[in-house]
Amino acid sequence: RLKIFCCLKYKVVYFIYDVSDGMANGLSEVILGKKVEGIWHTSVYAYGIEYYFAGGINLSQPRKTKFGKPIKEIDFGYTNKSKKQFEDYLRSISKYFTKNNYDLISHNCNHFTDTALYYLTGKHLPNAILRQHKEILKTPLGRQVRPLLENLAGLGNANSNQNNPLVLLPFLFGEILNNK
């Protein structure tokens with residue numbers, strides 16, 4: 001008996017959000033000496049669902065997350081992987097994408113999106129997005145404020161934030177990723 005397997009293809013898109021809500025574009029050159037269009041948060045859209053890293057791996061109706069509406073939606077090709085295969089994969093990597101192992105520079109939402117996109121399509125997220133935080137920290141001011149950025153992202157000493165007025169602007173530095 002001959003079995004015929006039909007390979008369905010599912011469209012894969014990634015969404016880009018600017019968690020600075022345009023402030024980075026307007027202020028970055030003055031503050032950092034380097035133009036930064038936005039502070040990027042990314043997510044994956046496939047199977048009619050949006051998947052993203054925010055204190056863990058989350059899923060949502062598309063464009064209905066706490067990040068608002070994406071500023072860009074980039075077609076990334078197609079996958080032959082089923083929704084079940086993808087969600088099984090996400091469960092298998094969920095221990096690597098938790099609030100406790102979030103890192104502003106090396107393990108953030110963009111790294112999750114890169115991992116998911118690579119699993120689905122065999123292609124990586126563009127380096128301009130994936131390494132954005134690292135590039136910002138190469139600037140003189142970026143190097144000086146890294147401890148503050150890490151504290152704001154919840155990675156430093158929690159007591160050091162209590163009297164810091166910049167805590168009111170955590171969305172600029174990734175804290176929003178850890179709020180539920």
Side-chain angles (χ1 to χ4, degrees), residues 1-22 24-25 36-138 153-155 171-180:
R1 188 170 190 188
L2 179 65
K3 289 186 178 182
I4 299 175
F5 293 96
C6 177
C7 294
L8 296 175
K9 290 193 175 217
Y10 302 94
K11 188 173 187 169
V12 178
V13 175
Y14 70 92
F15 294 165
I16 301 174
Y17 297 86
D18 177 8
V19 296
S20 78
D21 199 27
N25 191 31
V36 175
E37 291 180 37
I39 304 296
W40 307 136
H41 165 80
T42 58
S43 63
V44 175
Y45 171 73
Y47 318 104
I49 298 171
E50 185 172 354
Y51 301 88
Y52 61 99
F53 177 34
I57 298 174
N58 296 271
L59 57 98
S60 173
Q61 291 181 347
R63 302 168 201 88
K64 302 283 186 198
T65 70
K66 61 187 163 194
F67 302 101
K69 295 214 182 278
I71 61 166
K72 292 182 186 176
E73 298 182 13
I74 311 294
D75 287 345
F76 213 66
Y78 292 86
T79 186
N80 292 330
K81 303 222 180 346
S82 70
K83 177 181 174 192
K84 181 184 181 333
Q85 287 174 308
F86 182 54
E87 290 185 353
D88 286 347
Y89 173 72
L90 294 179
R91 277 189 283 286
S92 78
I93 64 168
S94 64
K95 65 185 171 205
Y96 302 110
F97 291 96
T98 67
K99 180 178 181 178
N100 292 335
N101 60 23
Y102 173 85
D103 181 87
L104 179 68
I105 307 306
S106 62
H107 198 70
N108 59 43
C109 60
N110 301 321
H111 294 93
F112 164 76
T113 298
D114 180 62
T115 300
L117 288 174
Y118 188 77
Y119 175 79
L120 290 170
T121 67
K123 299 183 292 186
H124 287 284
L125 193 63
N127 282 336
I129 294 172
L130 194 58
R131 297 192 177 123
Q132 180 189 52
H133 292 89
K134 189 179 281 189
E135 292 301 313
I136 290 170
L137 291 179
K138 285 182 181 178
L155 303 169
F171 61 90
L172 287 175
F173 308 108
E175 173 92 287
I176 195 167
L177 300 176
N178 295 323
N179 293 340
K180 288 221 172 201

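Because the structure is predicted, anything quoted here is derived from the model rather than measured.
- The shortest side-chain heavy-atom distance between Tyr47 and Lys81 falls under the 4.5 Å cut-off.
- Ile57 places none of its side-chain heavy atoms less than 4.5 Å from the side chain of Tyr96.
- Side-chain contact check for Asn80 versus Lys9: some heavy-atom pair is nearer than 4.5 Å.
- A 4.5 Å side-chain heavy-atom check between Asp114 and Tyr14 finds every atom pair outside the cut-off.
- Under the ring pair (Phe, Tyr, Trp, His ring centres under 6.0 Å) rule, Phe15 has a single partner from Tyr45, Phe67, Phe76, which is Tyr45.
- A donor-acceptor distance shorter than 3.5 angstrom exists from the side chain of Thr113 to the backbone of Cys109, with no hydrogens or angles considered.
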#### Entry: Tyr89 and Thr115: CA distance, side-chain angles, deciding distance, side chain to side chain contact (heavy atoms under 4.5 Å, CB included) verdict
CA-CA 10 Å; Tyr89 173 72; Thr115 300; 3.2 Å; yes
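- Among all heavy-atom pairs drawn from Ile49 and Ser60, the shortest one is CG2-O, 3.6 Å.
- In this structure, Phe53 and Asn58 approach most closely via the heavy-atom pair C-ND2, 4.4 Å.
- Here the two rings, on Phe86 and Tyr51, have centers that are under 6.0 Å apart.
- Between His111 and Leu130 there is a side-chain heavy-atom pair separated by less than 4.5 Å.
- For the pair Lys11/Asp75, a side-chain contact is recorded, criterion being any heavy-atom separation below 4.5 Å from C-beta on.
- The minimum heavy-atom distance linking Tyr119 with Gln85 is given by the pair OH-O, 3.5 Å.
- For the residue pair Leu120 and Ala46, the shortest heavy atom distance occurs at CD1-CB, 4.4 Å.
- Between His107 and Phe97, the ring center distance clears the sub-6.0 Å criterion.
- In this structure, Thr42 OG1 and Asn108 CG are separated by 7.5 Å, a value rounded to the nearest 0.5 Å.
- Tested against His41, the residues Val19, Asp18, Ile16 include a single side-chain contact (heavy atoms from CB on, under 4.5 Å) partner, Val19.
- Shown here is Arg63, whose CZ atom has more than 12 heavy atoms of other residues, nucleotides or ligands within 6.0 Å.
- Of all heavy-atom pairs between Gly48 and Pro62, the closest is O-CD, 3.4 Å.
- Put simply, the side chain of Glu50 reaches to within 4.5 Å of the side chain of Thr65, judged on heavy atoms.
- With Ser43 contributing its side chain and Tyr52 its backbone, the two residues share no donor-acceptor pair below 3.5 Å.
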